[in-house]
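Just so you know, residue 1 is the first one in the sequence shown, and it goes up from there.
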Amino acid sequence: MNTNTTNFDIIVIGGGHAGAEAAWAASRILAGHGGGKVAMVTMDPLAIGRMSCNPAIGGLAKGQIVREIDALGGLMGHAIDATGIQFRMLNKSKGAAVRSLRAQADKYKYAAKVRQLLEEHCPNLSIVTGIVDRLLTEKGRLTGLALEDGRCFSCRCVVVATGTFLNALMHVGAKQTKGGRVGEASACGLSQSLRDLGFELGRLKTGTPPRLAKETIDYSVLEMQPGDDSPTPFSDMTRGGGSGTIQSFPSLRQVPMHITHTNARVHDLIRANLHRAPMYSGQIQSRGPRYCPSIEDKVVRFADKDHHQIFLEPEGLETNEVYCNGISTSLPEDVQREVVHNIKGLEHAKILRPGYAVEYDFAPTHQIDATLETRLVSGLYFAGQINGTSGYEEAAGQGLVAGINAANKILSKPRFILTRDQAYIGVMIDDLITKTPTEPYRMFTSRAEFRLTLRSDNADQRLTPLGAKLELASRERIGRLEKKLAAMHRAVELLHALKIRTTDGATTAYDFLRRPDVTIESLRTQTSGLHELFDNPAIFAVLADVETEAKYAGYIQREKESARRLHELEDKSIPTSFDFAAIHELRKEARQSLEKFRPQTLGQASRLEGITPNDLTVLLLHLRRK
């Protein structure tokens, strides 16, 4: 290592959503223990927190992840609440378990807010401009890294959060350009360094749609989609929902989105030009996200559909850029223009930037454990798209966990692992370490078997106590949770104390509320003895939460029993040096899967590909003998 080395405790590679949360968590935890030095290495400091694709945060299941990040003490909820230009609660007509908050952002203000939070609240964080060329190790332990310009930095932990920049290649038709985002470079040396260290790498693909000039769109013929009349914030530290007064909410002017559709003419154009599409010409070999497909994929895979929905989303209040959510594409520019001009309302739209696809390296996830630390190199963590995930929220959740664990490693504190019954983040990480993604992983509510427990409205109750133990959640946040829980407890007391007469006889107001056709509001007409519920502002603010808990009580109890059985398996640990290959009673497929993924608990082993109940019985017997 040369003489211009700078020493850090933790270095985060990348300033995207995973990198921002990792740097935030690591620096704040270390600062709470007397300091510690953290660095973020980024190609461009102005690109920290940049929204490469859709200018929005949250959505189905993703909204729960953002709430969980916030409950633990992360930054994403703060940033979007301060910069959202439309807030919508999705699935409002359905049960609370599947309701998710989504917010359209001013993408430029969002990135600026993320940078501001890091600069003003992480005093021990240094921002380093550069491109990482290689990682430095000694006897399987991370010791530092070197940049392309020759600078070297020593450290004890590194979080790799490179997004789509790892050996990245962009495609527009036959045109190929090195880079992970328009106008930005590709990190090629780091890919080779990982291979040299023995890591297996694969390739994945993502894409983005064209951006249009706002003034060239005919909005008069389009369907308007407004936001909620009374917006709900993501963060418990933001005004709204009775959960704080740290800032006005919403902070920015709220604007509508607009909807249009593709049509048969557009689909014919795409089919006629599939031979020029990189995904179909053979130019791109890697897999893209199945649940967020390109318009080329939609037309081919859903040939029976004569139209697909497109959301026209402004990228900010002070820009004329409009994001065409629904027509992600890597078709040649001339075809993109023709496609756009055959869509209602876009007949004269000007394309400011064509859509493109990006191929990038990722590390198959049998190489990490539940802390996101790699198995090959001690002190090296992977977070975000390097783990095969897709989406800002999935990346941010991983970044937070990796940053927490890197800090805990420095402080010799216990590993931080979220389980499947604790958080959507726990579900995601468990999915990753038990089943290597073959396409970009996206979170859905259907992936969570405990989704009645893992609701958006109770993220603070589930995770803020953990954030407090980590010393990541602030005292103010903890105090607000305590006041909320006290108000909920008092509301439940009042409901249990009051009797209501029904045609079936007398019952408590709480049991009456559990009926599907009864709401908190309808109790007003049933009795006059609940003045404190409705007149006390602190209690009134938590009534929706109390109602949800009451209605789900029976189902939640069943989930708790399932979780108890899950933990019986999770509590049976497997030694890191356990020789799965020596268990000859196991089927060959089972031995291979166990050797590849190296599960740390019997619960993880039960969720591996190719593992049967009989395999688990054999494995348990051998563990008992050991």
Side-chain angles (χ1 to χ4, degrees), residues 53-54 56 59-62 88 90-94 98 100 102 171-174 204-212 217-218 221-225 257-313 322-347 349 351 354-359 390-391 437-447:
C53 199
N54 191 7
L60 299 179
K62 294 169 176 282
R88 291 180 65 230
L90 307 181
N91 283 343
K92 282 192 289 187
S93 62
K94 299 182 179 180
V98 293
S100 296
R102 182 184 188 275
H171 301 262
V172 180
L204 289 175
K205 168 255 176 192
T206 189
T208 190
R211 271 65 161 183
L212 308 180
I217 297 172
D218 183 3
V221 298
L222 301 181
E223 176 188 347
M224 186 173 71
Q225 184 186 63
M257 307 297 117
H258 289 81
I259 299 173
T260 186
H261 299 85
T262 61
N263 52 58
R265 170 61 181 156
V266 167
H267 294 190
D268 288 342
L269 275 169
I270 292 169
R271 292 189 190 98
N273 286 279
L274 282 176
H275 63 287
R276 301 177 65 194
M279 286 292 293
Y280 289 89
S281 67
Q283 183 174 308
I284 293 178
Q285 298 291 330
S286 51
R287 292 282 297 274
R290 187 195 325 174
Y291 302 104
C292 187
S294 66
I295 189 61
E296 299 96 293
D297 270 347
K298 289 181 185 178
V299 168
V300 171
R301 285 167 48 195
F302 308 107
D304 57 320
K305 294 198 68 172
D306 60 4
H307 69 278
H308 294 283
Q309 196 171 52
I310 301 170
F311 293 90
L312 299 176
E313 303 169 343
V322 175
Y323 182 92
C324 298
N325 190 348
I327 53 171
S328 174
T329 182
S330 57
L331 284 163
E333 290 188 46
D334 62 305
V335 180
Q336 291 191 39
R337 280 194 296 272
E338 199 169 355
V339 164
V340 166
H341 291 157
N342 277 276
I343 294 172
K344 183 179 179 181
L346 309 183
E347 292 86 354
I351 295 180
Y356 59 92
V358 184
E359 282 188 292
S390 172
T438 56
E439 62 188 39
Y441 176 99
R442 180 179 178 181
M443 178 51 72
F444 294 99
T445 53
S446 59
R447 294 189 189 274

### Query
Any sub-3.5 Å donor-acceptor pair from Asn263's side-chain atoms to Asn342's backbone N or O?
yes

### Query
Closest heavy-atom contact between Ser100 and Ala61?
OG-N, 3.1 Å

### Query
Hey, are Arg271 and Asp268 close enough for a salt bridge, meaning a charged N less than 4.0 Å from a carboxylate O?
yes

### Message
Looking at Lys344, is its backbone amide N or carbonyl O close enough to the side chain of Thr260 to form a donor-acceptor pair, meaning the two atoms are under 3.5 Å apart?
### Response
yes

### Message
According to side chain to side chain contact (heavy atoms under 4.5 Å, CB included), who are the partners of Lys62, at least two apart in sequence or on a separate chain?
### Response
Glu393, Glu394, Arg442

### Criterion side chain to side chain contact (heavy atoms under 4.5 Å, CB included) on Leu212 and Ile351, from CA distance to verdict
CA-CA 5 Å; Leu212 308 180; Ile351 295 180; 3.7 Å; yes

#### Entry: Considering all heavy atoms, the nearest Leu204-Thr438 contact
CD2-O, 4.0 Å

#### Entry: Nearest heavy atoms of Leu274 and Val300, plus distance in Å
CD1-CG2, 3.7 Å

### Task
Grab the two heavy atoms, one from Gly207 and one from Cys53, that are nearest each other, plus how far apart they are.
O-SG, 3.6 Å

### Query
So Ile295 and Val339, side chain to side chain contact (heavy atoms under 4.5 Å, CB included) or not? Walk me through it.
CA-CA 10 Å; Ile295 189 61; Val339 164; 5.8 Å; no

### Query
Ile270 and Thr262: side chain to side chain contact (heavy atoms under 4.5 Å, CB included), yes or no, with the steps?
CA-CA 11 Å; Ile270 292 169; Thr262 61; over 6 Å; no

### Query
CZ of Arg88 to CD of Gln225: how many Å apart, nearest 0.5 Å?
3.5 Å

### Task
Could you tell me which non-hydrogen atom of Gln336 sits nearest to which non-hydrogen atom of Gly355, and how far apart they are?
OE1-N, 2.7 Å

### Message
Determine whether His171 and Lys205 satisfy the following criterion, side chain to side chain contact (heavy atoms under 4.5 Å, CB included), listing intermediate values before the conclusion.
### Response
CA-CA 10 Å; His171 301 262; Lys205 168 255 176 192; over 6 Å; no

### Query
How about Leu346 and Leu312: do any of their side-chain heavy atoms sit closer than 4.5 Å?
yes

### Query
Rounded to the nearest 0.5 Å, how far apart are OH of Tyr356 and OG1 of Thr206?
9.5 Å

#### Entry: Residues Glu296, Arg276: salt bridge by 4.0 Å N-O rule
no

### Query
Which atom pair, heavy atoms only, marks the closest approach of Ile327 to Pro210?
O-CD, 3.6 Å

### Task
Starting at CZ of Phe311, measure out to CD of Glu223 and round the result to the nearest 0.5 Å.
8.5 Å

### Task
May I have all residue pairs that pass ring pair (Phe, Tyr, Trp, His ring centres under 6.0 Å) and include part of residues 257-280, sequence neighbours excluded?
Tyr219-His258, His261-His307, His267-His308

### Pairing residues for Thr208 by the side-chain hydrogen bond (donor to acceptor under 3.5 Å, both in side chains) criterion, not counting sequence neighbours
Arg211

